[in-house]
Amino acid sequence: QVQLVESGGGSVQAGGSLRLSCAQFGNTYGLNCMGWFRQTPGKEREGVALIYTGGGNPVYADSVKGRFTISQDNAKNTLYLQMNSLKPEDTAMYYCAAEFSRLRCGYWYRADFGNWGQGTQVTVSS
């Protein structure tokens, strides 16, 4: 089991930036991928960005391509999401998630991961 703790959320004006962090605790050996997801009230959780622990290009939702960057610092066991040029529609609760299954990583947009953080709120005002 992996414990995930997000931080870095907050309120920002449109066009601004935030960096989310996700600290990982427990046995992270064997994790196949990690991702950021977001959810607004009344909507399903959606995938924002994904990174494979074994390397390769990250994957991004079309809505955040060119604005968000996902990265992992293995020395610090921390996942990051750098968010630039924020828009009001980026307002949501953001969750960090980790998965051991290669199959579930491949279908990451289904948000069917086994390990989740508690979430951090991001609010973007116009």
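- With hydrogens and angles left out, the side-chain atoms of Asn84 and Ser17 include a donor and acceptor closer than 3.5 Å.
- Atoms CE and CD1, on Met34 and Ile51 in that order, are 9.5 Å from each other to the nearest 0.5 Å.
- Note: the hydrophobic cluster containing Val12 does not contain Met93 (ILVMFWY, side chain heavy atoms under 4.5 Å, direct or indirect links).
- For the residue pair Glu6 / Gln121, no side-chain donor-acceptor distance below 3.5 Å is found, with atom types taken as modelled.
- Between Asn32 and Glu99, the closest side-chain pair of non-hydrogen atoms is not below 4.5 Å.
- Residues Met83 and Leu20 share a closest heavy-atom pair of CE-CG, 3.7 Å.
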Does the pair Ser63 and Arg38 meet the rule for a side chain to side chain contact (heavy atoms under 4.5 Å, CB included), with working shown?
CA-CA 12 Å; Ser63 58; Arg38 65 187 182 187; 3.4 Å; yes
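- Closest of all the heavy-atom pairs between Thr40 and Ala92 is CG2-CB, 3.6 Å.
- Counting heavy atoms from C-beta outward, Phe113 and Cys33 have side chains that approach closer than 4.5 Å.
- At least one side-chain heavy atom of Leu81 sits less than 4.5 Å from a side-chain heavy atom of Tyr94.
- With ring centers used as reference points, Trp116 lies under 6.0 Å from Phe37.
- In terms of heavy-atom proximity, Pro88 sits nearest to Ser126 at CG-CB, 3.9 Å.
- Once rounded to the nearest 0.5 Å, the distance linking SG of Cys22 with CG of Asp73 reads 12.5 Å.
- Residues Trp108 and Leu79 do not share a hydrophobic cluster, defined by chaining ILVMFWY side chains whose heavy atoms lie under 4.5 Å apart.
- Annotation: side chain of Arg19 is in contact with side chain of Tyr80 (closest heavy-atom distance under 4.5 Å).
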Quick one, Trp36 with Cys96, criterion side chain to side chain contact (heavy atoms under 4.5 Å, CB included). Give me CA distance, side-chain angles, the key distance, then yes/no.
CA-CA 5 Å; Trp36 288 97; Cys96 167; 3.9 Å; yes
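- Of the possible donor and acceptor atoms, none in the side chain of Gln24 sits under 3.5 Å from a partner among the backbone N and O of Thr28.
- Across all non-hydrogen atoms, the minimal contact from Pro58 to Ile70 is CB-CG2, 3.5 Å.
- With Asn115 contributing its side chain and Ala98 its backbone, the two residues share a donor-acceptor pair below 3.5 Å.
- Between Tyr107 and Asp112 there is no side-chain heavy-atom pair separated by less than 4.5 Å.
- Panel note: side chain Thr91, backbone Thr123; no donor-acceptor pair is recorded below 3.5 Å.
- Cluster annotation: Leu31 and Val59 are assigned to distinct hydrophobic clusters (Ile/Leu/Val/Met/Phe/Trp/Tyr, side-chain heavy-atom contacts under 4.5 Å, transitive).
- Taking the ring centre of Tyr95 as origin, the terminal cationic atom of Arg45 falls inside the region bounded by 6.0 Å and 45° from the ring axis.
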As a quick check of understanding, evaluate side chain to side chain contact (heavy atoms under 4.5 Å, CB included) for Leu18 and Val122, giving each step before the final call.
CA-CA 9 Å; Leu18 282 174; Val122 171; 3.9 Å; yes
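- With hydrogens and angles disregarded, a donor-acceptor distance shorter than 3.5 Å links the side chain of Ser101 to the backbone of Arg104.
- Contact between Leu4 and Val2 at its shortest, heavy atoms only, is CD2-CG1, 3.6 Å.
- Panel note: side chain Thr78, backbone Lys76; a donor-acceptor pair is recorded below 3.5 Å.
- Between Tyr52 and Leu50, the closest side-chain pair of non-hydrogen atoms falls below 4.5 Å.
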Could you walk me through whether Lys87 and Arg67 pass the side chain to side chain contact (heavy atoms under 4.5 Å, CB included) check?
CA-CA 10 Å; Lys87 305 175 181 180; Arg67 300 188 298 122; 3.8 Å; yes
